[in-house]
A.B. asks: 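Would you mind keeping the following structure in view while I ask a few things?
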Amino acid sequence: MRFLLTNDDGIEAPGLIALAEELEKLGEVLVVAPEREMSGSGHAFTKRWPLRLRRVYRDGKPFGYATSGTPADSVKLGLFLAERKVDWVVSGINDGPNLGIDLFYSGTVSGAIEGAIDGFPAVAFSLAGRSGPRSDPAQARSRFAEAAAIARTLLEGLIEHKPALTRVCLNVNIPDLPREQIKGVRLAVQGLQRYDDRFLRGEDPSGEPFYWPASTLVDEDHREGSDLAASREGWITLTPLKIDLTDHELLERMRRWEWELGLGQRQR
Ligand code: MN
């Protein structure tokens with residue numbers, strides 16, 4: 001089994017290192033991840049500039065490659081380097097949840113989606129909690145080690161089920177709780193929370209204004225069965241995501257509309 005592993009927290013992130021260690025128990029792991037943190041980069045990719053690639057060692061052993069690009073770049077480049085001889089594209093473990101609307105912003109999820117676009121079974125893992133840059137590194141390591149062990153177990157199950165994952169990516173969020181407090185796995189739909197998109201306005205030392213993003217959640221999704229609700233309740237959430245963003249139901253209804261746009265024959 002060959003895994004291509006990426007993330008959006010950067011090649012030094014404890015979540016990536018912990019997951020790489022667990023995946024090595026299942027097979028060969030090629031790590032290609034952004035040099036720096038790229039959280040919130042979504043599905044951005046590099047088009048007009050060359051990417052740089054740096055070999056990274058851990059404890060004197062080759063660990064993987066750091067790229068100057070995004071998570072999506074890392075997967076594209078990783079697949080190229082591996083000559084597409086990859087069985088799974090895996091992304092994470094992200095430091096923080098990737099639930100609901102946040103999937104649109106998430107570099108972690110986009111890393112997995114890029115794998116799915118390229119035709120590979122793909123899964124994104126996130127730790128639903130946040131350690132933050134000021135947390136104790138030893139504590140962060142142990143939290144991610146526990147989550148990575150859970151991720152490996154889930155992946156073993158997925159590999160065993162041999163699901164037909166064509167143009168689908170799996171999104172997994174593991175609650176940041178001691179293992180005995182995690183309720184189990186819940187298959188969940190994507191939640192639809194909303195933020196208020198506010199900014200704190202201030203002035204920098206040269207008198208120029210700045211706008212510091214300060215969004216808060218204004219519309220929590222309380223629907224039963226959403227990834228947000230299940231994660232809050234202490235479940236590991238698993239959501240299959242489609243690459244096809246078409247609203248098929250609306251499309252069918254629109255086919256029945258009388259179109260009076262004066263643009264000639266409408267194409268059905
Ligand atoms: Mn991140």
Side-chain angles (χ1 to χ4, degrees), residues 1-9 13-31 33 71 75 86-100 102-103 106-116 120-129 131 140-191 225-242:
M1 196 65 61
R2 287 172 60 107
F3 300 94
L4 171 59
L5 176 62
T6 193
N7 76 345
D8 77 354
D9 294 333
L16 177 83
I17 294 163
L19 190 52
E21 280 171 11
E22 288 295 328
L23 292 182
E24 265 160 28
K25 298 175 186 172
L26 301 179
E28 222 176 297
V29 185
L30 171 63
V31 177
V75 170
V86 165
D87 298 297
W88 280 84
V89 173
V90 182
S91 187
I93 299 173
N94 188 59
D95 187 357
N98 277 309
L99 299 160
D102 288 346
L103 306 192
S106 169
T108 303
V109 174
S110 286
I113 287 178
E114 183 58 40
F120 295 89
V123 55
F125 291 104
S126 302
L127 187 63
S131 66
R141 264 199 303 278
S142 86
R143 291 161 60 245
F144 280 110
E146 261 183 63
I150 291 172
R152 173 170 59 86
T153 307
L154 284 171
L155 206 42
E156 281 172 325
L158 289 169
I159 290 165
E160 205 181 317
H161 280 284
K162 292 193 182 66
L165 297 176
T166 33
R167 305 221 186 278
V168 170
C169 136
L170 301 177
N171 185 40
V172 176
N173 279 262
I174 300 165
D176 189 12
L177 294 170
R179 197 166 179 151
E180 61 278 8
Q181 286 175 35
I182 296 177
K183 290 181 175 167
V185 181
R186 207 12 104 80
L187 298 171
V189 299
Q190 181 188 358
S226 80
D227 56 1
L228 290 154
S231 183
R232 257 197 314 271
E233 291 163 11
W235 295 88
I236 297 167
T237 62
L238 172 56
T239 305
L241 305 174
K242 278 188 180 185

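Everything numeric in this text was worked out from a predicted model, so none of it was measured. Numbers here are sequence positions counted from 1. Note that these values count all heavy atoms, side chains included, but never hydrogens, waters or copies made by symmetry.
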A.B. asks: Mind listing the closest non-hydrogen atom pair of Cys169 and Ala112 along with its distance?
C.D. replies: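 Here Cys169 and Ala112 meet closest at SG-CB, 3.7 Å.
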
A.B. asks: If we ignore hydrogens and angles and just use 3.5 Å, is the side chain of Asp176 paired with the main-chain N or O of Gly129 as donor and acceptor?
C.D. replies: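 The answer is no, because no donor-acceptor pair under 3.5 Å joins these two groups.
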
A.B. asks: With sequence neighbours left out, write down each residue that passes side-chain contact (heavy atoms from CB on, under 4.5 Å) with Leu187, or none if nothing qualifies.
C.D. replies: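 Partners of Leu187 by the side-chain contact (heavy atoms from CB on, under 4.5 Å) criterion, ordered by chain and then number, come out as Leu238.
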
A.B. asks: Could I get the full list of salt bridge (charged side-chain N to carboxylate O under 4.0 Å, His left out) partners for Glu21, not counting sequence neighbours?
C.D. replies: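 Here no residue qualifies.
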
A.B. asks: Kindly write out the residues that satisfy side-chain contact (heavy atoms from CB on, under 4.5 Å) with Ala147, not counting sequence neighbours, or none if the list is empty.
C.D. replies: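 Here the qualifying residues are Ile93, Leu127, Ile174.
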
A.B. asks: Nearest 0.5 angstrom please: Phe144 CZ to Leu19 CG, how far?
C.D. replies: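 Going from the CZ atom of Phe144 to the CG atom of Leu19 covers 10.5 Å.
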
A.B. asks: Testing the basics here: between Arg179 and Glu146, what is the closest heavy-atom pair and its distance to 0.1 Å?
C.D. replies: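 Closest approach of Arg179 to Glu146: N-OE1, 3.5 Å.
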
A.B. asks: For Ser126, enumerate each residue passing the side-chain contact (heavy atoms from CB on, under 4.5 Å) test, keeping only those at least two apart in sequence or located in another chain.
C.D. replies: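 With neighbours one apart ignored, the set is Asn94, Asn98, Thr108, Asn173.
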
A.B. asks: Report the residues that fulfil side-chain hydrogen bond (donor to acceptor under 3.5 Å, both in side chains) with Arg2, sequence neighbours left out, ordered by chain and then residue number.
C.D. replies: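 If we apply the side-chain hydrogen bond (donor to acceptor under 3.5 Å, both in side chains) test to Arg2, skipping adjacent residues, the hits are Glu28.
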
A.B. asks: Working to the nearest 0.5 angstrom, can you tell me the gap between Thr153 OG1 and Leu158 CG?
C.D. replies: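 Taking OG1 in Thr153 and CG in Leu158, the distance rounds to 11.0 Å.
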
A.B. asks: Between CG of Leu103 and CG of Leu241, what distance do you get to the nearest 0.5 Å?
C.D. replies: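 The CG atom of Leu103 sits 5.5 Å away from the CG atom of Leu241.
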
A.B. asks: Of all residues at least two apart in sequence or in a different chain, which pass the side-chain hydrogen bond (donor to acceptor under 3.5 Å, both in side chains) check with Asp227?
C.D. replies: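 If we apply the side-chain hydrogen bond (donor to acceptor under 3.5 Å, both in side chains) test to Asp227, skipping adjacent residues, there are no hits.
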
A.B. asks: Who are the salt bridge (charged side-chain N to carboxylate O under 4.0 Å, His left out) partners of Glu156, not counting sequence neighbours?
C.D. replies: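 Glu156 satisfies salt bridge (charged side-chain N to carboxylate O under 4.0 Å, His left out) with Arg152 only.
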
A.B. asks: Can you tell me how far apart CG (Asp8) and CG (Asp95) are? Round to the nearest 0.5 Å.
C.D. replies: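 Interatomic distance, Asp8 CG to Asp95 CG, rounded to 0.5 Å: 9.5 Å.
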
A.B. asks: Please examine the side chains of Phe120 and Leu4, heavy atoms only from C-beta on, and report whether any two atoms are closer than 4.5 Å.
C.D. replies: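 A side-chain contact under 4.5 Å is absent here.
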
A.B. asks: Are Leu30 and Val86 packed together at the side-chain level, in the sense that at least one heavy-atom pair is separated by less than 4.5 angstrom?
C.D. replies: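 No; the side chains remain at least 4.5 Å from each other.
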
A.B. asks: Listed by chain and number, what are the side-chain contact (heavy atoms from CB on, under 4.5 Å) partners of Glu160, not counting sequence neighbours?
C.D. replies: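 Testing Glu160 for side-chain contact (heavy atoms from CB on, under 4.5 Å), a comparison that skips the adjacent residues, returns none.
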
A.B. asks: Roughly how far, to the nearest 0.5 Å, is CD1 of Ile113 from CZ of Arg167?
C.D. replies: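 So the CZ of Arg167 and the CD1 of Ile113 are separated by 13.0 Å.
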
A.B. asks: Counting C-beta onward and ignoring hydrogens, is there a side-chain heavy-atom pair between Val172 and Val123 closer than 4.5 Å?
C.D. replies: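 Contact flag for Val172/Val123 side chains = yes.
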
A.B. asks: Can you name the closest pair of heavy atoms from Gly111 and Ser91 and give their distance?
C.D. replies: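 Shortest heavy-atom contact: CA-OG, 4.2 Å.
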
A.B. asks: Give the C-alpha distance, both sets of side-chain angles, the deciding distance and a yes or no for side chain to side chain contact (heavy atoms under 4.5 Å, CB included) between Leu23 and Leu155.
C.D. replies: CA-CA 9 Å; Leu23 292 182; Leu155 206 42; 3.4 Å; yes

A.B. asks: For Arg141, what residues pass the salt bridge (charged side-chain N to carboxylate O under 4.0 Å, His left out) criterion, not counting sequence neighbours?
C.D. replies: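 Applying salt bridge (charged side-chain N to carboxylate O under 4.0 Å, His left out) to Arg141 gives none.
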
A.B. asks: Only counting residues at least two apart or in another chain, list the ones meeting side-chain hydrogen bond (donor to acceptor under 3.5 Å, both in side chains) with Arg232.
C.D. replies: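 With sequence neighbours excluded, Arg232 shows a side-chain hydrogen bond (donor to acceptor under 3.5 Å, both in side chains) to Glu220, given in chain and number order.
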
A.B. asks: Might you point out which heavy atoms bring Ala122 and Gly115 nearest each other, and give the distance in Å?
C.D. replies: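 That closest heavy-atom pairing would be CB-C, 4.3 Å.
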
A.B. asks: Can you confirm whether Lys183 is buried at NZ, in the sense that more than 12 heavy atoms of other residues, nucleotides or ligands lie under 6.0 Å from that atom?
C.D. replies: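 Above 12, so yes.
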
A.B. asks: List the atom of Thr6, the atom of Ala33, and the distance in Å for their closest heavy-atom pair.
C.D. replies: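 Scanning both residues completely, I find the closest heavy atoms to be OG1-CA, 3.7 Å.
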
